[in-house]
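So the structure is just underneath, and the comments pick up after that.
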Protein chains: 2
Amino acid sequence: MNKKTVTRARRDDTLSRERIIEAAIDLLDREGERGLTFQALSAQLATGPGAIYGHIANKADLLTAACDAIVARAVMAPLDGATPQAAIRAVALALFDAMDVHPWAGAALIQAGGKMPVVRILECIGRQISALDVPEPARWASACALVNYILGVSGQNAANAQLARSQGADRGKFLAAVANDWTQLDPALYPFTRSVAGQLREHDDREDFLAGVDLLLAGLVDQEVK
Amino acid sequence: MNKKTVTRARRDDTLSRERIIEAAIDLLDREGERGLTFQALSAQLATGPGAIYGHIANKADLLTAACDAIVARAVMAPLDGATPQAAIRAVALALFDAMDVHPWAGAALIQAGGKMPVVRILECIGRQISALDVPEPARWASACALVNYILGVSGQNAANAQLARSQGADRGKFLAAVANDWTQLDPALYPFTRSVAGQLREHDDREDFLAGVDLLLAGLVDQEVK
DNA sequence: ACCTGAACACCGTTCAAGT
DNA sequence: ACCTGAACACCGTTCAAGT
């Protein structure tokens, strides 16, 4: 076996921002957040670490760009025809599922500030809010609330997935362990948390996520009437 | 000037988890997330980096513990007497303000999984949800929705603060720059985002945050009636 | 003009030696 | 039993040299 031939991937075409981002997504999906290294990334691209800096500003930029690729695909999901409420639920679910497949993207999303991936979501939600009869001045706050809620869930799911991975457990085992921790809290200090520990173990995240979206939508309709 | 005397802080008492966490908070507040180094931390504590590992498992543990100290203080804010709604608004605001003063805590909060700081918030919100007439099975989802929303806003604010810091701008300047970016988006693709760019520049985060809490609360009351 | 990869600065964590 | 701090493994980023 020739080491050079085996180790190095073929260089089909020239290095580009897109190819780098694609390779980064591959790496993140396979090895998790800790697996994304300029060393590993450049090895996969059959080049040196320095080459990447010709197309990407730094690691934060790379993560945001990779996250944006995921979000862009999710936001393109079909969402026309139905009511604005249904459309909002559809995008929210598409994002939830995308973050479920790519947990690192949830963490990246939260660190992206007002950058592209967040803007994509804001735009998508905002249009539907406008289609509802939410009065003009309330649209900004309403869209923000929905976006922030989605970001919060994404971030929390990402953290759970990462912790689970680092403990070598799957999602179910990890949540069961957390539920168990909750059961052992002081009953005098944490009655509520103890009472819902069972629901943490058995709950369907996806459904709970949707319930939150519906809560916000219900509040919106309420506002609309006034 | 004697180097040793000047450089080293006095060691009032023996090293403890509490003293380490306090020093970490100091460092994080002064220098931001990037400033928290085991090197810098141990220097401030007048010891070696290794000593810290006697009391703290690793850096993630340290960040969670520091965040928990902030959250614990915020959650203790006065919130009795008034209605459950008012109490929820009060904790939410207290948390918002705490994260505003300690932006790093927002980021740490999101990475804490189901750990202490999140549990504290869940417990606090959950009790008030129980005090409302939300039916039993919906309490878990309702409390989760509120917690996730709070986490999302905290995380986003933390990211903004960190980006602003890294660009050497204050919060106002940073948001103005983001708003400017939004103004230059393609009008055909991002009509909504462009239309709210002005509101991003002038908005009061605190008020928008509360508006989101109110939206969720309105949805809750709606649910209650049904 | 773009890639290459050694080198730099730095950081979390460990561990043998000290007290 | 606990601290000390040098050492290790590793990682983002730079830059002189190559093509």
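All chains are named by letter (A, B, ...) in the order of the sequence lines, taking the proteins before the strands, and each is independently numbered beginning at 1.
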Counting only heavy atoms from other residues, nucleotides and ligands, does the tally under 6.0 Å from [atom1] of [X] exceed 12?
{"X": "B:Glu33", "atom1": "CD", "result": "yes"}
{"X": "B:Gln167", "atom1": "CD", "result": "yes"}
{"X": "B:Arg30", "atom1": "CZ", "result": "yes"}

Which whole-number value in Å describes the distance from [X] [atom1] to [N] [atom2]?
{"X": "B:Asn58", "N": "C:dG12", "atom1": "CG", "atom2": "C1'", "result": "9 Å"}
{"X": "A:Arg34", "N": "D:dA9", "atom1": "CZ", "atom2": "P", "result": "15 Å"}
{"X": "A:Leu15", "N": "C:dC3", "atom1": "CG", "atom2": "P", "result": "5 Å"}
{"X": "A:Ile20", "N": "C:dC3", "atom1": "CD1", "atom2": "C1'", "result": "11 Å"}
{"X": "A:Leu41", "N": "C:dG5", "atom1": "CG", "atom2": "C1'", "result": "15 Å"}
{"X": "B:Leu62", "N": "C:dG12", "atom1": "CG", "atom2": "P", "result": "10 Å"}
{"X": "B:Ile56", "N": "D:dC3", "atom1": "CD1", "atom2": "P", "result": "12 Å"}
{"X": "B:Glu31", "N": "C:dC11", "atom1": "CD", "atom2": "P", "result": "11 Å"}

Picking from [options], which would you name as closest to the side chain of [X]?
{"X": "A:Lys59", "options": "D:dC3, C:dT13, D:dT13", "value": "D:dT13"}
{"X": "A:Thr14", "options": "C:dC3, C:dT13, D:dC3", "value": "C:dC3"}
{"X": "B:Pro49", "options": "C:dT13, D:dC3, D:dG12", "value": "C:dT13"}
{"X": "A:Thr37", "options": "D:dG12, D:dC3, C:dT4", "value": "D:dG12"}
{"X": "A:Thr47", "options": "C:dC3, C:dT13, D:dT14", "value": "C:dC3"}
{"X": "A:Tyr53", "options": "C:dG12, D:dG12, C:dA6", "value": "D:dG12"}
{"X": "A:Ala51", "options": "C:dC3, D:dT13, C:dT13", "value": "C:dC3"}
{"X": "A:His55", "options": "C:dC3, D:dG12, C:dT14", "value": "C:dC3"}

Indicate, with a heavy-atom threshold strictly under 4.0 Å, whether B:Ile52 touches base, sugar-phosphate, or nothing.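 Nothing, no nucleic acid heavy atom in range.
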Can you list the stems that include DNA chain C, where a stem is three or more consecutive Watson-Crick or G-U pairs with distances under 3.5 Å? C:4-8 with D:12-16, C:12-16 with D:4-8
Just how far is it from atom CD1 of A:Ile129 to atom CZ of B:Phe192, taken to the nearest 0.5 Å?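 Reported value, rounded in 0.5 Å steps: 7.0 Å.
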Restricting to ring pair (Phe, Tyr, Trp, His ring centres under 6.0 Å), what partner residues turn up for A:Tyr190, sequence neighbours left out? none
Looking only at heavy atoms, what is the nearest atom pair of B:Ala188 and A:Arg127, with distance?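 What the structure gives for the nearest pair is O-NH2, 4.5 Å.
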Which atom of A:Asn58 lies closest to which atom of A:Phe38, heavy atoms considered: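 Smallest interatomic distance, heavy atoms only, reads C-CZ, 4.2 Å.
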5'-most contact on DNA chain C: A:Gly54 or A:Gln39, nearest heavy atom basis? A:Gly54
Exercise answer: donor-acceptor pairs, residues 90-109 of chain A side-chain atoms, under 3.5 Å, sequence neighbours excluded:
| unit_1 | atom_1 | unit_2 | atom_2 | d |
| --- | --- | --- | --- | --- |
| A:Asp97 | OD1 | A:Arg206 | NE | 2.8 |
| A:Asp97 | OD2 | A:Arg206 | NE | 3.4 |
| A:Asp97 | OD2 | A:Arg206 | NH2 | 2.8 |
| A:His102 | ND1 | A:Asp29 | OD1 | 2.7 |
| A:His102 | ND1 | A:Asp29 | OD2 | 3.0 |
| A:Trp104 | NE1 | A:Asp29 | OD1 | 2.8 |

